[in-house]
Amino acid sequence: MTTSERMKMAAGEWYTCVDPELEELRVAARDAAFEHNSLPPRKRGDIGPALRALLGGAGEGARIEAPFHCAYGFNLFLGEGAFLNAGCTILDTAPVRIGKGTLLGPNVQIYCAEHHREAAGRHAGLEVAKPVTIGDNAWIGGSAVILAGVSIGEGAIVGAGAVVTRDVAANTTAVGNPARAITRR
């Protein structure tokens with residue numbers, strides 16, 4: 001039985017990202033993001049029409065500021081009132097779930113793909129996709145980077161510029177590179 005690269009990606013297996021079907025899906029996402037980023041704000045609304053149609057889901061009042069970039073879009077799920085500030089990049093090779101009322105500062109980056117550790121594997125385009133989950137009412141500071149497979153709990157705060165390499169518990173503040181929990185003042 002032949003398994004497509006898209007099916008391998010969805011199953012969390014190693015897949016080849018230099019695949020015609022995946023490239024076609026990325027082009028569709030770039031087109032939708034281009035429309036979103038190019039429309040005047042009053043015409044765009046909270047999320048441009050093509051991008052909204054592409055997303056896995058967007059709750060009422062969810063908003064994405066321009067500019068915005070995503071890899072596929074269909075793996076991105078936004079809760080009610082979620083807010084993504086300008087410059088966010090989400091490489092959604094696996095599901096990315098952003099909870100209701102959660103705020104992402106400017107230039108937050110979420111990466112679901114991990115590249116192969118061997119140079120030959122990277123050259124072949126091998127990746128594995130791991131989901132990212134951010135709970136309700138979390139706050140992700142500007143220019144934070146969230147890596148593949150990370151979960152951030154409800155009410156958590158991630159400081160600006162933090163690089164999140166492992167889970168952040170609910171109602172915890174994490175800062176630094178790599179991000180570490182600190183005591184809130």
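Here the structure is a predicted model, which is why all the values come from computation and not from measurement.
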Residue pair [X] / [Y], side-chain heavy-atom distance below 4.5 Å:
{"X": "F77", "Y": "L55", "answer": "no"}
{"X": "I134", "Y": "I140", "answer": "yes"}
{"X": "L76", "Y": "D92", "answer": "yes"}
{"X": "I110", "Y": "L91", "answer": "no"}

Taking it one step at a time, do E23 and R30 satisfy salt bridge (Lys or Arg N to Asp or Glu O under 4.0 Å)? CA-CA 10 Å; E23 178 60 19; R30 287 193 299 266; 2.9 Å; yes

To the nearest 0.5 Å, tell me how far I47 CD1 sits from I64 CD1. 4.0 Å

Before you tell me yes or no, could you show the steps for C70 and L51 under side-chain contact (heavy atoms from CB on, under 4.5 Å), namely the whole-Å CA-CA distance, both residues' side-chain angles and the distance that decides it to 0.1 Å? CA-CA 10 Å; C70 60; L51 184 57; 4.2 Å; yes

Quick check: are there more than 12 heavy atoms from other residues, nucleotides or ligands sitting under 6.0 Å from CZ of F74? yes

Around atom NZ of K8, are there more than 12 heavy atoms from other residues, nucleotides or ligands closer than 6.0 Å? yes

Pairs in or reaching into residues 32-59: which pass salt bridge (charged side-chain N to carboxylate O under 4.0 Å, His left out), with residues at least two apart or in two chains? R44-E65, D46-R63

With side-chain contact (heavy atoms from CB on, under 4.5 Å) as the test, would you mind laying out the steps for I90 and Y111 before giving the verdict? CA-CA 6 Å; I90 301 179; Y111 306 144; over 6 Å; no

Can you tell me how the ring of H36 sits relative to the ring of F68, calling it parallel under 30°, perpendicular over 60° and tilted otherwise? perpendicular

Scanning both residues in full, the closest heavy-atom pair of E5 with T16 reads OE1-N, 2.5 Å

